[in-house]
Amino acid sequence: GMPDYAALAAAGAIFLCARAAALVPGRVSTAWSMLTVAYLVLALWSFADFIVHPDTIHGQPRSFHTARLSGGFLSANTAATLFGTGALIAATGLLRALKRAVGGSLGAIVEGLFRHGALSLICFLFCGICLVLTASRAGIAFATLSLVLLLTWEMSTLARGRLGTGFGH
């Protein structure tokens with residue numbers, strides 16, 4: 001029906017925006033940062049809403065999943081998928097910041113990670129907290145497996161002596 005067409009149109013719009021961003025140097029990095037901010041805002045809002053009113057969604061009584069964070073969704077599992085994706089996007093920003101900081105002392109690496117990856121770190125933590133509060137076994141498994149695959153990919157590119165993709169950076 002109409003919601004399916006709207007979802008398809010939104011996916012197409014996202015694809016076209018990503019394509020346009022890829023054509024201009026530096027724009028992908030900016031778009032990725034904006035996406036990280038959007039996930040962080042959603043995670044902060046969902047966390048605060050759940051802590052203040054765990055039995056409602058936007059002031060309306062929950063029909064199910066009463067003890068689980070569901071953000072603006074009826075299903076906590078849908079929210080888990082969203083927050084898992086947000087954590088994965090934030091993890092790519094942390095990997096990028098770590099790559100920029102590598103090469104110095106441990107103190108310099110930690111300082112560089114906080115300087116270049118603070119937004120990603122905060123987003124990763126809040127998306128991770130929200131993911132756990134959804135209590136979605138499948139969502140947590142998806143996010144964990146995706147993170148392991150991302151880290152495996154990055155480690156394999158480093159082992160081959162190439163700089164990893166950084167997924168968007």
Side-chain angles (χ1 to χ4, degrees), residues 7-8 10-47 68-71 73 75-169:
L8 187 59
I14 291 170
F15 173 80
L16 291 175
C17 288
R19 173 82 172 109
L23 296 175
V24 178
R27 192 176 288 170
V28 171
S29 182
T30 301
W32 205 258
S33 295
M34 290 171 50
L35 185 60
T36 303
V37 169
Y39 271 106
L40 176 59
V41 168
L42 182 62
L44 289 170
W45 170 78
S46 296
F47 178 77
R68 298 167 60 186
L69 184 144
S70 62
F73 302 102
S75 171
N77 296 326
T78 304
T81 303
L82 180 82
F83 292 120
T85 304
L88 189 63
I89 286 171
T92 63
L94 286 172
L95 286 171
R96 180 172 186 243
L98 185 61
K99 287 177 192 175
R100 292 175 87 181
V102 169
S105 67
L106 180 61
I109 291 171
V110 170
E111 180 183 342
L113 187 59
F114 279 106
R115 179 181 300 138
H116 300 294
L119 174 66
S120 294
L121 179 62
I122 294 167
C123 183
F124 183 81
L125 291 175
F126 271 97
C127 282
I129 289 168
C130 288
L131 176 62
V132 169
L133 289 175
T134 66
S136 171
R137 295 181 305 263
I140 293 168
F142 155 76
T144 303
L145 177 63
S146 298
L147 187 59
V148 167
L149 289 173
L150 173 66
L151 293 174
T152 301
W153 176 268
E154 291 294 322
M155 296 306 289
S156 70
T157 57
L158 289 174
R160 289 189 303 246
R162 296 187 328 217
L163 185 62
T165 62
F167 289 101
H169 298 288

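Note that the structure is predicted; figures quoted are calculated from it, not measured.
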*Apply the test side-chain contact (heavy atoms from CB on, under 4.5 Å) to residues R96 and S29: give CA-CA distance (whole Å), side-chain angles for both, the deciding distance (0.1 Å), then the verdict.*
CA-CA 10 Å; R96 180 172 186 243; S29 182; 3.5 Å; yes

_Flag, side chain of S156 to backbone of W153, donor-acceptor distance under 3.5 Å_ = yes

*Minimum heavy-atom separation for F83 to A43, with atom names?*
CE2-CA, 3.6 Å

_Check whether T157 reaches the backbone of E154 with its side chain - one donor and one acceptor, N or O, closer than 3.5 Å._
yes

*How close do Y39 and C123 get, heavy atom to heavy atom, and via which atoms?*
CB-SG, 3.9 Å

*asked:* Would you compute the distance between atom OG1 of T30 and atom CG of L35 and round it to the nearest 0.5 angstrom?
replied: 12.5 Å

*With sequence neighbours left out, what residues match R115 under side chain to side chain donor-acceptor pair (under 3.5 Å)?*
E111

*Nearest 0.5 Å, what's the SG-CG distance between C127 and L88?*
10.5 Å

*Sequence neighbours excluded, every pair satisfying ring pair (Phe, Tyr, Trp, His ring centres under 6.0 Å) that has a member inside residues 94-143*: F47-F126

_To check you understand the geometry: which heavy-atom pair defines the closest contact between L150 and A91, and what is its length?_
CD2-CB, 4.1 Å

*Quick one: CD1 on I129 to CG on L44, what's the gap to the nearest 0.5 Å?*
9.5 Å

_Closest non-hydrogen atom pair, T134 against A80_ = OG1-CB, 3.4 Å

_Set out, in order, the CA-CA distance, both residues' side-chain angles and the distance that settles side-chain contact (heavy atoms from CB on, under 4.5 Å) for L95 and L151, then state yes or no._
CA-CA 9 Å; L95 286 171; L151 293 174; 3.9 Å; yes

*So, for S120 and L94, which heavy atoms are closest and what is the spacing to 0.1 Å?*
CB-N, 3.7 Å

*Over all heavy atoms of both residues, which pair between A97 and L113 is shortest? Give the atoms and the distance, please.*
CB-CD1, 3.9 Å

*asked:* Looking at T92 and I89, would you say the former's side chain and the latter's main chain have a donor-acceptor pair under 3.5 Å?
replied: yes

*Partners passing side chain to side chain donor-acceptor pair (under 3.5 Å) against S136 (at least two apart in sequence or in another chain)*: N77

*Drop me the distance from L82's CG to S46's OG, to the nearest 0.5 angstrom.*
7.5 Å

